[in-house]
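Read through the structure below, which is laid out as structure tokens, and then see the notes.
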Amino acid sequence: MKNEKVLIIGIILGLVIFGILELLNISGTISRGTISAILVGITIGLLIDNNPIRHTFISISIYNLIAWTAIAIFDPEADILFGSGKAVVGVFIGFMVIMIGLFSIIGSFSAFVTYNLRKNR
């Protein structure tokens, strides 16, 4: 499948899964992000024929940036975050970067495993 289509599928699937898990009130940011990263990694590992790790890393990074930005903009509790000062905003951005890196690594590993299992058949 073409690379652009796989990236778009990964981004949309990640946003949908992230939103569904948010609506189901699955406790913990780490568990929601890990579940969605693994599912997106598996999907991309099955769909793409070349370099699934890079495409998974990019799509997970993009959908996490979109999701965290939407949460920061539309959450009523985010007014407290932005009104508290530069230090609190810096901590939030640092947390976002660490979570995006963690979820991208987890998703890339699941894409790598899925791709290798598919190729070995």
Side-chain angles (χ1 to χ4, degrees):
M1 188 176 272
K2 296 215 177 209
N3 297 342
E4 299 85 23
K5 289 182 182 179
V6 172
L7 285 175
I8 291 172
I9 288 171
I11 292 168
I12 292 173
L13 180 67
L15 287 172
V16 167
I17 292 171
F18 195 86
I20 289 171
L21 293 175
E22 184 75 29
L23 289 175
L24 292 175
N25 289 329
I26 303 291
S27 63
T29 304
I30 305 261
S31 61
R32 285 190 299 244
T34 304
I35 292 169
S36 60
I38 289 172
L39 292 175
V40 168
I42 289 171
T43 304
I44 291 176
L46 290 173
L47 291 177
I48 200 159
D49 292 330
N50 58 351
N51 206 354
I53 297 169
R54 186 181 88 204
H55 291 87
T56 304
F57 196 89
I58 292 169
S59 68
I60 290 174
S61 297
I62 291 172
Y63 88 73
N64 269 309
L65 280 174
I66 293 170
W68 282 105
T69 305
I71 287 172
I73 291 172
F74 297 117
D75 191 12
E77 295 175 355
D79 292 337
I80 297 169
L81 173 75
F82 294 123
S84 297
K86 293 179 182 177
V88 177
V89 174
V91 169
F92 176 71
I93 291 173
F95 174 76
M96 257 184 17
V97 168
I98 290 171
M99 288 293 109
I100 289 170
L102 175 71
F103 298 147
S104 297
I105 291 169
I106 291 170
S108 296
F109 181 73
S110 67
F112 173 74
V113 170
T114 305
Y115 179 74
N116 283 336
L117 287 175
R118 183 179 61 129
K119 286 293 182 185
N120 288 337
R121 284 187 186 177

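Counting from 1, the numbers follow the sequence of the chain as shown.
Among residues at least two apart or in separate chains, ring-ring contact (aromatic ring centres under 6.0 Å, His included) pairs with a member in residues 12-71 are Trp68-Phe95. Residues in residues 28-40 take part in these salt bridge (Lys or Arg N to Asp or Glu O under 4.0 Å) pairs, two or more places apart or across chains: Glu22-Arg32.
Interatomic distance, Ile58 CD1 to Ile60 CD1, rounded to the nearest 0.5 Å: 11.0 Å. For the atom pair CG (Asn51) and OG1 (Thr56), the distance works out to 9.0 Å, reported to the nearest 0.5 Å. A distance of 10.0 Å separates OG1 of Thr69 from CG of Asn64, quoted to the nearest 0.5 Å. Residue Ile100 holds its CD1 atom at 10.5 Å from CD1 of Ile62, rounded to the nearest 0.5 Å. Between the OG1 atom in Thr43 and the CD1 atom in Ile48 there is a gap of 12.5 Å [rounded to 0.5 Å]. For the atom pair CD1 (Ile98) and CZ (Phe103), the distance works out to 11.5 Å, reported to the nearest 0.5 Å.
The side chain to side chain contact (heavy atoms under 4.5 Å, CB included) search around Val113 returns Phe109, Leu117, not counting sequence neighbours. For Ile38, the side chain to side chain contact (heavy atoms under 4.5 Å, CB included) test picks out Thr34, Ile42, Ile106, Ser110, with sequence neighbours left out. Taking the side-chain hydrogen bond (donor to acceptor under 3.5 Å, both in side chains) definition, one finds that Ser59 meets it with nothing, sequence neighbours left out. The salt bridge (Lys or Arg N to Asp or Glu O under 4.0 Å) search around Arg54 returns none, not counting sequence neighbours.
One hydrophobic cluster, built from ILVMFWY side chains closer than 4.5 Å, cannot hold both Val91 and Ile71; they sit in different ones. Note on Val16: it clusters hydrophobically with Val6, by side-chain heavy-atom contacts below 4.5 Å among ILVMFWY residues. Both Phe92 and Leu102 sit in one connected hydrophobic cluster of ILVMFWY residues. Membership requires side-chain heavy atoms under 4.5 Å apart, directly or through other members. Residues Leu23 and Leu13 do not share a hydrophobic cluster, clusters being chains of Ile/Leu/Val/Met/Phe/Trp/Tyr side chains in contact below 4.5 Å. No continuous path of hydrophobic side-chain contacts links Ile44 to Phe112 [ILVMFWY only; heavy atoms under 4.5 Å].
Of all heavy-atom pairs spanning Pro52 and Gly45, the tightest one is CB-CA, 4.3 Å. When all heavy atoms of Ser108 and Ile53 are compared, the pair lying nearest together is OG-O, 3.4 Å.
A donor-acceptor contact shorter than 3.5 Å links the side chain of Tyr115 to the backbone of Asp49.
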